[in-house]
Amino acid sequence: MRISDISKHEGDKVSIFCWLIGKRSSGQIHFLQVRDGSGYCQLTVVKGEVDDVLFEKCGHLAIETAFRAQGLAVRQEKAKFGYEILLKNIEIISEPDKEYPIPRKPSGPDFLLSMRHLWLRSPKQSAVMRIRSKIIESIREFFKKEGFYCVDTPIFTPSACEGTTTLFKVDYFDENVFLSQSGQLYNEANALALEKVYCFGPVFRAEKSKTRRHLTEFWQVEPEWIFADIDSIMETSQNLIMHVLSAVLEENRNDLDILERDIKPLEAVKTPFPRMSYNKSVELLKEKGFEIEWGSDYGSPEETEISKNSDSPICIHRFPAHIKAFYMKSDPVDPKLSLGVDVIAPEGYGEIVGGGVREEGIEILEQRIKEHNLPKEDFQWYLDLRRYGSVPHGGFGLGLERTVAWICGLQHVRESAAFPRMMDRIKP
RNA sequence: UGCUCGGUAGCUCAAUUGGCAGAGCGGGUGGCUGUUAACCACUAGGUCGUGGGUUCGAGUCCCACCCGAGCAGCCA
């Protein structure tokens, strides 16, 4: 039996596998708090009800002892987790030979991150991982339902996808290659083969960003489909986010409780998400007293301010072309603007989606590749997509860790990955 | 990369004007028959980030460096 199923076994003799997370004793009675991968419960050991040697042993178990326990499952209001097992016998699998280093009381981030391999066992951290797992599952479910194929893109790439950001250089049989920062360009090739595709994998950024929203390695899901216009891109990203959020609210209530996540702001999220042009957002920021000029990109204080205007994520569309990537299509109504969209999460969690319509004109792309100083020979295959059977298309990317951080209410994205990679932290 | 703050026991932190290295939690031992981050008693536990300097004397003051955190910049 797993602990999460204990309510179905009330009154039964049960056997569980578990780890010890805490213990208390009143001399003739011991209370053992235990966990398994599914949840938590208490084992009660009463002197006289078990062998004296076993009773003594239970009083001296070390934190993180792994063992099997047999006993009677009962409902118990006085037990912290609502149920307890009246212990009859245990079978120890392994006992720690040193004191478990992670205290139950709060510790600092430096210590906990250096102990990440053990920190993951604590209630909040495992709750985040269960929610992350649910989010990944519901993302794949959403795209399956929408008729997308999962076609993953390479991580070793010969040159910059965008040319804008710093990439990690890797020695590849004496040749320099880079870790991908986006599946974008390959995704376009896949979309022109299969119509609706998505890739979902890790991407890498070598920027020296030291903030609560940045990791150097993170996961991104990137759908790309033909005949995508800017409205359908906003629509699809909205529907994806809503699908994911509903799944977590429905199936991970207990984990959100463990995290003490206030779920009211999550329940307040409603479709349709508000849509605001970049031009409008600049006016709004100016009204609020921000010193922002038309044509500049946002910093995080600006994103946070914009997110205050709605309970739901906000879609900002039609950015100045010069701050967006070379492949972004210009707005035919105003060529200074590009048909790009960012989705900004509520509660100051920042940009979780970025996407847009892709430029089709081969001359425009050649011109932009030149302007961005990109090696044009590396992009011939990409231009082939416009030479043969070109079709309007577009898509977006959603950052997994930021989405997890938002839904879980985390202070920092580092807790949304099992082993986060940051500028100054690569171990364990 | 810049600004700000910090580094003392396994963890979280205190140490007044420069004057004996401390507490709580955790660990160990003992006590307690319903504990809830239990409680009570006893106990073990220290390269005060590293190196230099000032001083009779430095955890404390000065210099350099290392490490971390927060914020900003950078950033589909």
Side-chain angles (χ1 to χ4, degrees), chain A residues 21-33 40-49 55 59-60 62-63 74 76-82 84 86 96 98-115 118-119 123 160-167 180-185 187 203-216 218 220 222 224 233 237 296-304 316 319 323-328 338 340-343 350-358 394-399 402 411-412 414 422-425:
Chain A
I21 61 168
K23 64 174 197 285
R24 292 181 204 93
S25 172
S26 295
Q28 305 299 300
I29 182 166
H30 300 314
F31 301 99
L32 307 179
Q33 274 76 42
Y40 304 87
C41 81
Q42 172 168 276
L43 312 179
T44 302
V45 197
V46 179
K47 187 159 190 176
E49 298 286 312
F55 182 82
H60 290 273
I63 300 299
V74 296
Q76 173 57 270
E77 292 297 339
K78 280 184 277 188
K80 183 172 180 186
F81 307 110
E84 67 181 12
L86 300 170
K98 287 172 79 176
E99 180 189 345
Y100 187 62
I102 310 256
R104 298 180 78 191
K105 300 199 176 185
S107 300
D110 183 32
F111 171 74
L112 290 171
L113 285 165
S114 74
M115 290 282 164
L118 300 176
W119 186 27
C161 296
E162 318 258 342
T164 50
T165 59
T166 322
L167 302 178
S180 178
Q181 56 149 336
S182 166
Q184 165 67 48
L185 302 185
N187 229 8
V203 294
F204 306 87
R205 305 241 172 121
E207 278 117 23
K208 298 191 171 176
S209 298
K210 242 185 82 174
T211 82
R212 67 173 73 177
R213 349 180 131 157
H214 289 87
L215 299 175
T216 53
F218 62 97
Q220 191 158 246
E222 296 174 273
E224 187 78 20
I233 291 166
S237 53
S296 62
D297 209 349
Y298 301 141
S300 43
E302 288 82 6
E303 280 180 357
T304 303
I316 308 290
F319 286 86
I323 59 172
K324 289 292 175 184
F326 81 92
Y327 51 70
M328 204 72 91
S338 67
V341 55
D342 282 359
V343 180
E351 182 191 337
I352 50 172
V353 162
V357 182
R358 318 308 181 191
F396 63 88
L398 174 135
R402 284 187 184 179
Q411 290 302 306
H412 196 301
R414 64 190 166 207
M422 285 166 288
M423 185 182 146
D424 290 320
R425 197 180 286 278

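Lettering of chains follows the sequences in order, A, B, ..., and the numbering in each one begins at 1.
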Report the secondary structure of RNA chain B in dot-bracket form, marking unpaired bases with a dot and bases paired to a different strand with |, and treating Watson-Crick or G-U pairs with both distances under 3.5 Å as paired.
(((((((..((((.....[..)))).(((((.......))))).....(((((..]....))))))))))))....

Could I get the full list of salt bridge (Lys or Arg N to Asp or Glu O under 4.0 Å) partners for A:Arg414, not counting sequence neighbours?
none

A:Ser25 meets the side chain to side chain contact (heavy atoms under 4.5 Å, CB included) criterion, sequence neighbours left out, with A:His30

Scan nucleotides 41-45 of chain B against the protein and return all N/O pairs shorter than 3.5 Å with their distances rounded to 0.1 Å.
none

Determine the contact category for A:Gln42: base if any of its heavy atoms lies under 4.0 Å from a base atom, sugar-phosphate if only primed atoms, P, OP1 or OP2 are that close, otherwise nothing.
base

What's touching nucleotides 65-70 of chain B from the protein side, N or O pairs under 3.5 Å?
{"unit_1": "B:G68", "atom_1": "OP1", "unit_2": "A:Asp424", "atom_2": "O", "d": "2.9"}
{"unit_1": "B:G68", "atom_1": "O3'", "unit_2": "A:Arg425", "atom_2": "NH2", "d": "3.4"}
{"unit_1": "B:G70", "atom_1": "OP1", "unit_2": "A:Arg414", "atom_2": "NH1", "d": "3.3"}
{"unit_1": "B:G70", "atom_1": "OP1", "unit_2": "A:Arg414", "atom_2": "NH2", "d": "3.1"}

Would you indicate what A:Ser107 reaches in the nucleic acid, counting non-hydrogen atoms under 4.0 angstrom: base, sugar-phosphate, or nothing?
sugar-phosphate

Expressed as a whole number of Å, how far does the P atom of B:A15 sit from that of B:G51?
25 Å

I'd like to compare against my own output: the B/S/- annotation of nucleotides 25-32 of chain B with a strict under-4.0 Å heavy-atom distance to protein.
SBS-SS-B

Per nearest nucleotide of RNA chain B, the residue lying toward the 5' end, A:Glu77 or A:Val353, is A:Glu77

Looking at every strand, decide which applies to A:Phe31 at a 4.0 Å heavy-atom threshold: base, sugar-phosphate, or nothing.
base

Any A:Lys208 side-chain nitrogen or oxygen under 4.0 Å from OP1 or OP2 of B:U1
yes

